[in-house]
Structures are given as C-alpha cells and as structure tokens.
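Take a look at the structure below.
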Amino acid sequence: MSVGSLSGFPDGFVVGVSTASYQIEGAVREDGRGPSIWDTFAHTPGRVLNGDTGDDACDHYHRYADDLGLMAELGVDAYRFSIAWPRVQPEGSGEPNPGGLDFYDRLVDGLIERGITPLPTLFHWDLPQALEDQGGWLNRETAFRFGEYAALVADRLGDRVRRWITLNEPIVHMAQGYAFGTHAPGRQLMLDALPVAHHQLLGHGLAARAIKDRGAGEVMITNNCTPVEAASSSEEDQIAAVVYDAFHNRLFNDPVLKGTYPEFLAAGLEGIVQADDMTIIRANNDALGINYYNPTRVRAAEGDLPFETVPIEGVPTTAFGWPVVPDGLHALLTGLKATYGDDLPPIYITENGCSTAEGLDDQFRIDYLDGHLAAVRRAITDGVDVRGYFVWSLMDNFEWAEGYSQRFGLVHIDFKTFARTPRDSYRWLQSALRDR
Ligand code: FCB
C-alpha cells in the first residue's frame, strides 16, 4: 500500500470526502420534506436506469451517526455534504421547515464533535418541485428564492459553518437537466437552456451575499471543469475545442472570477442579464471549488451544437467508461492559473474519484486517487494555490441517471440491508491520513 500520497502537501491542506443529499439521504417524505425535481424525475418510467430512485438511497437520514463514525475512523479533516432545499423549504419559498433544518443542525454538531469541518453545498440539483412548476432555473425569480433559502440556512448554521458552497456544477445541471434532458427536470431545450446558466449564477451571487451579510464565513461555487483538447490540428477542430471550453468551463468561471461572460456567449444572454447582475455574481468568491473527473477531446460537428466529444484512447477507463488522466488535473489547475492570474482565488478540489465494480478490492480506486493527489501536489509546486481535496465519494450512492449501477464509494453499500463496508481504498486513505 502506498501511503506517501499525502506527504509533501502544505500544512493545513484539507482532505475530505464528499456526498450529496438526494444521492444518500433517502427519507424523502419525512419531517416535512417536500418533493424535489429528482423525486419526480426518478419516478418517471424510463428516466433512471433500472427504475432506481432516491427514495431510500443509503438511508443516511436515519444512519447519519454511523456515517459520522465512518468519517471519524477514516480521519478526514472535512466533510462536504449538501443541504436539500426541499427539506428546508418544502415549497421552495417562505418560512423554514423546522424538521428539515434540525437534521442539518444535528449533522453539523456531530461533525464538529468529531473534529470534522462541515462544508455544506446549498444546491446539489434537488430543486423543490414547486419551483420547477414555476419554470425552475429558467425563471429569474428562482435566483431570488435561492438567496432567501441561503439566508435561512446561514441563520441557523452560520455560527458553526464557516465555509460554504452555493451551487454544485451549474454546467451539468444546465446541460443534462435543461439542454439534453438526461437529468431532472428532463427538459430538452438545447441552446435555449442558456438562461439557466445566468439564473444559477445570479442565485450564486445572491446566496453568497446573504451568507456574507450574516458574517457566516467564506463562500465559493463548485464548477465542473475539464481541460479540453481538439481531436486534430484542423482549424475546425481547434475552433470546436475553443467553443466547448467556453460552454463548459468559461461560461461559469469567467463570471465569478472576472464578472464577464465569454464574448460569443454574451450575445446569447442579451436581454437575460440585467444591470448589476454581473457585479453581484463577481462580488463574493473567497475560493473556487473544482470538480474534476476527466479531460475532454472534441471535434467539429454539424448539428444543434458545433462540437462533439470523441473518446480518449490509450488510457484506462472507469466502470463508467470515463478516461483516467491524472495529468489532466494538473493541466486544468495550471491552466486556470495561466488564464485568470491574480483573479484566481484559492482552489478546493471538491470532487474527484471513480466508479468501480461492486467488490471491496479496489486497487483501481487507490491508483486513481493516488495519481490525482500527485497531480494536485505538482500543481501546488508549480504555484497554484490549492487548499484542499475531497474524494467523491464517502460511500456508494444514487448516481443520478445511472441509478445504483455506478459505485464511487470508499465505503461499499449493500442497498438492500444498507450495510456499510469499508473498501481497501478506505483503509488506504486512512493510513495515508495517519501518516501525514
Ligand atoms: C458529479 C456530481 C456528483 C457525482 C459525480 C460522479 O458530476 O456532482 O453528484 O454524481 O459526478
């Protein structure tokens, strides 16, 4: 077992694990929780593999004390989890539901008692269905509701939570949820989904302001980022790569880091962006959260979109089929530094990990994590200010459209009995944390 993985990081470098509410909690009708778009979507036949739903997921809502124990044993510094908006506001607006807030209050206390820093994400895709019924993130009003919700949560937890994530991966929520329809809410608007980008970002800005106004600590957004390479040196493919990069990465990084949109996308947002919006979005970004899984290779295409992705050959792939390229994380981080320079705040890798087969022997995951940690360490040596790294995920969970078929956990879950069994990668990370 390699245990050198966590040596050579700066003092105070945070190592944690990451999860999300709908993927682990279950208990979807308890203590006043309202329905979310993921309840609706998962219960619509044909949407999720094998008809799986998050109704029970890992039953974390009832077993959170076990999961706190697993994290304490593991020895992580921090835990990134998400707060289910429909638990806090079952209809997405108005008075908070005490039962919902109580759950996160207990969770935060439990973390602090065990010396684990809580890092909540306010929105990891489980929008209250009542807001979707009013247009979801296509409706500008949702951004204001999100700001109000953030204020309620900060009022309750802000005395103990000192670092917050507003949104998880707004690109994925927009693309899969609103452009292609492979995630909730299942819309297929293609380029007409673009306002969803801006409304989420405005929501980020309003939530960040609410947190800062309450003196509740630092705020960041988590963006899914991928280094993009062209499939060939042809001009068409080179242009396709630039366009893909603008949609996937710059559409969400430029506004928070520079207060602008990539030029040609700005045209598509005319009439959507209002006075002061960009100032609000740019105002409070103490750090940047990055989720990295793999690089993307693209070539020119003719269709609704001017690009298409092509497989990256010659590298191992995860159970999901995602290419394993640790160097891509180094390239991404040094690339961000080159692009944004002094505008780049400290970075946290808020998700990185891989899905594997069902078993407990997961040398594949150990190698994956080891390689990516090494890539982060090299980026730090090369001058990028990376402050932390969170493994996706603590435990196997509901992997969205793939249901329970993709296992990302350091801990194996038996989805019939909810038994939790640490995998080899859990033991490996535990040793590495002890040996720091
Ligand atoms: C990310 C999501 C996370 C998980 C991983 C595998 O895009 O943020 O919830 O599904 O992918």
Side-chain angles (χ1 to χ4, degrees), residues 16-26 36-38 41-42 47-49 52-54 57-58 60 79-85 119-127 165-180 182-184 196 200 204 220-227 247-249 251-252 288-296 309 317-325 328-329 332 348-357 362 364-365 368-369 372 389-411 413 415 425:
V17 285
S18 199
T19 66
S21 47
Y22 189 73
Q23 295 182 274
I24 64 166
E25 287 180 355
S36 79
I37 57 174
W38 266 97
F41 189 79
R47 296 300 209 169
V48 175
L49 192 66
D52 290 343
T53 74
C58 306
H60 166 78
Y79 175 44
R80 173 179 180 244
F81 58 99
S82 83
I83 294 177
W85 188 350
L119 177 59
T121 300
L122 289 165
F123 180 69
H124 201 126
W125 306 346
D126 43 0
L127 190 78
I165 295 170
T166 53
L167 306 175
N168 178 68
E169 299 188 351
I171 176 60
V172 176
H173 192 53
M174 176 185 86
Q176 304 230 46
Y178 289 83
F180 308 133
T182 46
H183 280 185
V196 170
Q200 286 185 94
H204 155 73
M220 62 179 131
I221 191 170
T222 278
N223 285 335
N224 178 300
C225 293
T226 181
F247 268 105
H248 193 103
N249 299 312
L251 178 57
F252 297 92
L288 177 66
I290 298 283
N291 292 353
Y292 170 79
Y293 288 93
N294 52 256
T296 305
T309 59
T317 52
T318 71
F320 224 136
W322 296 352
V324 179
V325 188
L329 180 51
L332 171 69
Y348 289 84
I349 307 301
T350 43
E351 285 181 27
N352 176 243
C354 61
S355 59
T356 60
D362 59 348
F364 188 89
R365 178 173 288 105
Y368 183 100
L369 298 175
H372 286 79
Y389 174 94
F390 291 73
V391 177
W392 183 272
S393 177
L394 170 65
M395 54 193 165
D396 295 341
N397 58 50
F398 176 80
E399 178 46 40
W400 309 116
E402 303 303 317
Y404 295 101
S405 70
Q406 295 299 325
R407 292 175 174 270
F408 278 89
L410 297 171
V411 176
I413 301 279
F415 288 106
S425 54

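The figures here come from the full heavy-atom set of this structure, side chains too, leaving out hydrogens, waters and symmetry mates. We count ligands from 1, going down the list as the structure has it; atoms in each ligand are counted the same way. The shown structure was predicted, so the numbers you read here are calculated from the model rather than taken from an experiment.
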Any side-chain donor-acceptor pair under 3.5 Å between [X] and [Y]?
| X | Y | answer |
| --- | --- | --- |
| R80 | T350 | no |
| S425 | D362 | yes |
| T19 | Y79 | yes |
| T121 | N168 | no |

### Message
Under the rule for ring pair (Phe, Tyr, Trp, His ring centres under 6.0 Å), what residues qualify as partners of F123, not counting sequence neighbours?
### Response
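By the ring pair (Phe, Tyr, Trp, His ring centres under 6.0 Å) rule, F123 matches W137, H173.
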### Query
Are side-chain heavy atoms of L369 and L410 found at a separation under 4.5 Å?
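Yes, their side chains come closer than 4.5 Å.
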Atom pairs, nitrogen or oxygen, ligand 1 to protein, under 3.5 angstrom:
| from | atom 1 | to | atom 2 | distance (Å) |
| --- | --- | --- | --- | --- |
| ligand 1 | 7 (O) | E169 | OE1 | 2.5 |
| ligand 1 | 7 (O) | E169 | OE2 | 3.0 |
| ligand 1 | 8 (O) | H124 | NE2 | 3.3 |
| ligand 1 | 8 (O) | N168 | ND2 | 2.9 |
| ligand 1 | 8 (O) | E169 | OE1 | 3.4 |
| ligand 1 | 8 (O) | E169 | OE2 | 3.4 |
| ligand 1 | 8 (O) | E351 | OE1 | 3.1 |
| ligand 1 | 8 (O) | E351 | OE2 | 3.0 |
| ligand 1 | 9 (O) | Q23 | OE1 | 2.7 |
| ligand 1 | 9 (O) | H124 | NE2 | 2.8 |
| ligand 1 | 9 (O) | W400 | NE1 | 3.0 |
| ligand 1 | 10 (O) | Q23 | NE2 | 3.4 |
| ligand 1 | 10 (O) | E399 | OE1 | 2.6 |
| ligand 1 | 10 (O) | E399 | OE2 | 3.2 |
| ligand 1 | 10 (O) | W400 | NE1 | 2.9 |

